[in-house]
Protein chains: 2
Amino acid sequence: MTDKRDQLEALAMENAQRCGMSGMSFRTLADEVGIKSSSVHYYFPEKSDLARALIERYSDDFFAALDKIENSNWNLRRKVKAFIAIFEDVARNKKLCLCGMMAAEVEQLDDHNRSLLEQYFKNIEKWLVKLLEDNHQDVRTELPPRLIAKTLLAGLEGALLLDRVAGDMQRIKAQKELFLSLIE
Amino acid sequence: MTDKRDQLEALAMENAQRCGMSGMSFRTLADEVGIKSSSVHYYFPEKSDLARALIERYSDDFFAALDKIENSNWNLRRKVKAFIAIFEDVARNKKLCLCGMMAAEVEQLDDHNRSLLEQYFKNIEKWLVKLLEDNHQDVRTELPPRLIAKTLLAGLEGALLLDRVAGDMQRIKAQKELFLSLIE
DNA sequence: GTCTATATACAGATAGAC
DNA sequence: GTCTATCTGTATATAGAC
């Protein structure tokens, strides 16, 4: 049994990725773990504390996955495939990226959480740029790494959004094909 | 003076594109046009009626813009630029695509509105495919039109999302550059 | 068409007992 | 830590008067 705070975070994460910010109400969470909503406030005094915990948790998990990819001895193509596979996993589970979802409802976040969100996207792009620069010999296009990083990430986030509405994975698949075509 | 229903729709559209679904509450709208929330129900019996009106209005405006592009005598490059310019306009005004926003909160929509949303994206892709096929001689890549259409649209939707968080237009700019590089 | 009044539900949040 | 109880705010929605 994990501790209750962790349990609450995990549940809130599920709900948020499926139902947006409205899916992480203190009452719903309380019901699901079998306590009262006032007790949830013990762990997360304000809603923004919960939102922050989720962004940090999602971000930590994501960059842990990137670390694994970075420390492998795979070639660029396989590394990019592994990067895209993180998003394919989200799509397969009919979820959204937590941060993509929050980006759509950013007006509900306080300044600190907004800047966490901004950093999340920037750091992913930074990681991608480094990956592409370190393997420039395997990149088939003249387009700068910064541009490839930005369009790859934005396209994956958009694909998650649109594919969930359509109930398929066509756009994420297309995005994968397009960017793999730019790599040896 | 436009009629009140139209005024309500226009305001709801603004709010929704800036603040998400929570931005289109009947009370807020009522306050803004100077009537009571119960009077808003006269025009839109239920919230889903308002949501539907917005999707249809946004969709109609969008495809009217596509018609103009289609009926021009521009070459492919200029037409694609004009297509992307629709999204640049949204970004410049710090807004989201209405349908992109709703895609992020799709669990709040009823079945009918979900299918309107799905059709919106599918029809844009269809329009793009036709554009690319009709001008295949100006397309620099072997990638099929269907794939280009899907990645262009998803990338623009994602770019709107991420750029608004960052407060700039870097991703939309990158998306433009990438896809113009595929065209003569 | 617009109003007042109201029903009902749910949100975030806090005080204070145990 | 968790509870009960409660406050406050807001949401959608409806009945019925004018």
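Please read all numbers here as calculations on a predicted model, not as lab measurements. Side chains included, hydrogens not; waters and symmetry mates left out as well; all remaining heavy atoms used.
- Using the six-membered ring where Trp is involved, A/Phe26 and A/His41 have ring planes that are tilted, between 30° and 60° apart.
- With rounding to whole Å, B/Ile35 atom CD1 is found 14 Å from C/dT4 atom C1'.
- Side-chain nitrogen and oxygen atoms of B/Ser39 include at least one within less than 4.0 Å of the OP1 or OP2 phosphate oxygen of C/dC3.
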Taking distance alone, no hydrogens or angles, what donor-acceptor pairs closer than 3.5 Å link side-chain atoms of residues 97-109 of chain A to residues at least two apart or in another chain?
{"unit_1": "A/Glu105", "atom_1": "OE1", "unit_2": "A/Gln108", "atom_2": "NE2", "d": "3.1"}
{"unit_1": "A/Glu105", "atom_1": "OE2", "unit_2": "A/Met21", "atom_2": "N", "d": "3.4"}

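- Judged by distance alone, with hydrogens and angles left aside, the side-chain atoms of A/Arg77 form a donor-acceptor pair with the main-chain N or O of A/Ile183 at under 3.5 Å.
- Few gaps surround NZ on A/Lys95; more than 12 heavy atoms of other groups in view lie less than 6.0 Å from it.
- Within the structure, every side-chain polar atom (N or O) of A/Tyr42 is placed at least 4.0 Å from both OP1 and OP2 of D/dT2.
- Counting distance only, with no hydrogens placed and no angle test, the side-chain atoms of A/Ser38 and the base atoms of D/dT2 include no donor-acceptor pair under 3.5 Å.
- Put simply, B/Lys36 has no side-chain N or O that comes within less than 4.0 Å of OP1 or OP2 on C/dG1.
- Within the structure, the salt bridge (Lys or Arg N to Asp or Glu O under 4.0 Å) test picks out the following pairs touching residues 31-53 of chain A (sequence neighbours left out): A/Arg52-A/Glu56.
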Please tabulate the protein-to-nucleotide N/O contacts below 3.5 Å involving nucleotides 8-12 of chain D, giving atom names and distances.
{"unit_1": "D/dA11", "atom_1": "OP1", "unit_2": "B/Ser25", "atom_2": "OG", "d": "3.3"}
{"unit_1": "D/dA11", "atom_1": "N7", "unit_2": "B/Arg27", "atom_2": "NH1", "d": "3.4"}
{"unit_1": "D/dA11", "atom_1": "N7", "unit_2": "B/Arg27", "atom_2": "NH2", "d": "2.8"}
{"unit_1": "D/dA11", "atom_1": "N6", "unit_2": "B/Arg27", "atom_2": "NH2", "d": "3.0"}
{"unit_1": "D/dT12", "atom_1": "OP1", "unit_2": "B/Lys47", "atom_2": "NZ", "d": "2.6"}
{"unit_1": "D/dT12", "atom_1": "OP2", "unit_2": "B/Phe26", "atom_2": "N", "d": "3.0"}
{"unit_1": "D/dT12", "atom_1": "O4", "unit_2": "B/Arg27", "atom_2": "NH2", "d": "3.2"}

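- Separating the CG atom of A/Asp31 from the P atom of C/dG12 is a distance of 12 Å, rounded to the nearest angstrom.
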### Query
What do the steps show when you test B/Lys173 against B/Glu177 for salt bridge (Lys or Arg N to Asp or Glu O under 4.0 Å), and what is the final call?
CA-CA 6 Å; B/Lys173 201 177 152 193; B/Glu177 216 171 313; 5.9 Å; no
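- One atom, CG of B/Asp3, and another, C1' of C/dT2, lie 15 Å apart when rounded to the nearest Å.
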